Amino acid sequence: MIYLDNAATSWPKPETVYQAVDHCLRYMAANPGRGSYTMAREAGRILYETREDLAGLFGVKNATDIAFAYNATDALNMALLGIIGSGDIVVTTAMEHNAVTRPLRYLESRGVKLRIVSCDSQGRLIMEEMRDAAKGAKAIVMTHASNVSGTIMPIAEVAKLAVRENCLMIVDASQTAGREEIQVDDMKIDMLAFSGHKGLFGPQGTAALYLREGLAVRPLRYGGTGSLSESDEQPVFMPDRMESGTPNTPGIAGLGAGIRFIRAVGQANLRKKELALVSALIKGLQEIPDIVVYGPRKVIDRTAVVSFTVRGLDSGEVAHRLDRDFGIACRSGLHCAPWAHRTLGTLETGTIRLSPGYFNTAAEITETIQAVESIARRGEKM
């Protein structure tokens, strides 16, 4: 099988990730912070070390400002529902995933005022509109890169605007964590939400939320933390304030192994290889008649996501044929991002999304291009 759905979940994982999860399940069957015996201490060490690894990756000075979550949607809900209230103005973009749009629509029903900034036909932010929208806002929340078009957004530029307008900068880095350079202090990011199972190579069920020190964020969940057990009030200190209940220790062990793999290979090397695959993929697809490729033409302006349609063919059927006839795994449809499809003009058709990863090869990309060409050429017979 040729796996080209890394924008959903990266696969395969580095071997060390599998080993870390297996070792934790076999030898650390304890709740971290819920005991003083050896296994419990070792489980606590896994959380501590992975939190430190994440802090190092994103330039976070105090690792306790990072709270583990169960996925990026969970982390974004923690951020948005934790600090936005009735009467606040929130600014977002027309390229957001439902992990952002649905919490914002809920908040809008509770009295929050929502401003949606337009993007162009390649998914690029219209910065002039953002400058107007940011005035008087409580927060700007936006994706770092689109999961549909791959378009990388000007996060640093928008964050500077947020500083000038005295509003919070909340970033969804689900598609960029582990690939793009992200330094929260340098980029003036107040909250950073990201998944662990995509570019960080961790298992599903892992994610985290960075909160700038001093932010008064309400917890999404209340309960046991393993700390201050004598009190029936939620701890006020981080990360315990945001982390109630038993954590996904085996998953976090795998996440830590994924981050160490990234450090060993180098983020720049990971991105260089993935963009080389993307460049070859776009070039090959554009040479096929009746193929429309979406997103920036310059690969430097995108992450490793390529969406396309075949004129006259159903996107779902094309993806099905790629899987059934050629053993190529990809995704079709709206990718949980209807706003982005409305912007790109693909709301009615959806797209076929190919998202290469570090473990794909140039030969697989060539085979994929040939498969798409075969389907497009025989389209009228489908």
Side-chain angles (χ1 to χ4, degrees), residues 9-10 13 16-58 60 62-83 99 103 173-174 177-178 191-198 200-211 215 217-260:
T9 292
S10 60
K13 307 294 184 183
T16 52
V17 172
Y18 300 126
Q19 292 170 353
V21 174
D22 181 77
H23 181 78
C24 183
L25 284 169
R26 290 179 187 276
Y27 303 110
M28 298 181 191
N31 287 4
R34 273 77 165 179
S36 59
Y37 55 96
T38 301
M39 281 201 301
R41 292 200 306 272
E42 284 298 297
R45 178 183 60 80
I46 287 173
L47 266 64
Y48 172 81
E49 290 182 352
T50 303
R51 214 185 301 271
E52 289 284 339
D53 288 337
L54 288 169
L57 186 65
F58 297 122
V60 176
N62 188 348
T64 59
D65 291 334
I66 297 172
F68 288 115
Y70 300 110
N71 45 59
T73 299
D74 185 43
L76 286 162
N77 273 264
M78 290 164 64
L80 296 172
L81 273 63
I83 205 159
S174 297
M191 301 188 196
L192 182 75
F194 53 91
S195 56
H197 63 99
K198 301 179 191 286
L200 293 174
F201 293 114
Q204 292 175 340
T206 60
L209 174 67
Y210 157 75
L211 301 176
L215 283 180
V217 179
R218 298 180 298 274
L220 185 64
R221 292 173 295 276
Y222 295 80
T225 60
S227 59
L228 300 183
S229 293
E230 72 280 3
S231 173
D232 57 8
E233 297 285 342
Q234 189 77 0
V236 297
F237 53 85
M238 284 285 291
D240 300 47
R241 182 171 85 242
M242 308 299 291
E243 291 183 354
S244 292
T246 301
N248 179 10
T249 308
I252 292 169
L255 175 59
I259 298 167
R260 291 188 289 275

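Quick caveat, the model's predicted, so the values are computed rather than measured.
Taking E52 as the reference, nothing meets the salt bridge (Lys or Arg N to Asp or Glu O under 4.0 Å) condition, with sequence neighbours excluded. The side chain to side chain donor-acceptor pair (under 3.5 Å) check on S10 picks up K13, with sequence neighbours excluded. When the ring-ring contact (aromatic ring centres under 6.0 Å, His included) test is applied to Y27, the partners found at least two apart in sequence or on another chain are H23. The salt bridge (Lys or Arg N to Asp or Glu O under 4.0 Å) search around R260 returns D53, not counting sequence neighbours. F58 meets the ring-ring contact (aromatic ring centres under 6.0 Å, His included) test with F194; sequence neighbours excluded.
In plain terms, the two heavy atoms of S195 and S174 that are nearest each other are OG-O, 3.7 Å.
Distance alone, capped at 3.5 Å, is enough to place a donor-acceptor pair between the R218 side chain and the L81 backbone.
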Throw together a table of side-chain donor-acceptor distances under 3.5 angstrom for residues 65-72, partners on residues two or more places apart or in other chains.
unit_1: Y70; atom_1: OH; unit_2: T246; atom_2: O; d: 3.4
unit_1: N71; atom_1: OD1; unit_2: T73; atom_2: N; d: 3.3
unit_1: N71; atom_1: OD1; unit_2: D74; atom_2: N; d: 2.7

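No donor-acceptor contact under 3.5 angstrom links the side chains of T225 and E243, judged on distance only.
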(Q) Let's go through V217 and M242 carefully: what are the C-alpha distance in whole Å and the side-chain angles of both, what is the deciding distance for side chain to side chain contact (heavy atoms under 4.5 Å, CB included) to 0.1 Å, and is it a yes or a no? (A) CA-CA 9 Å; V217 179; M242 308 299 291; 3.8 Å; yes

Q. Checking side chain to side chain contact (heavy atoms under 4.5 Å, CB included) for the pair T64/D240: CA distance, chi angles, key distance, verdict?
A. CA-CA 9 Å; T64 59; D240 300 47; over 6 Å; no

(Q) Set out, in order, the CA-CA distance, both residues' side-chain angles and the distance that settles side chain to side chain contact (heavy atoms under 4.5 Å, CB included) for K198 and T9, then state yes or no. (A) CA-CA 5 Å; K198 301 179 191 286; T9 292; 5.6 Å; no

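More than 12 non-hydrogen atoms from other residues, nucleotides or ligands lie less than 6.0 angstrom from OH of Y18.
Taking 4.5 Å as the limit, some side-chain heavy atom of M238 sits within range of a side-chain heavy atom of R241.
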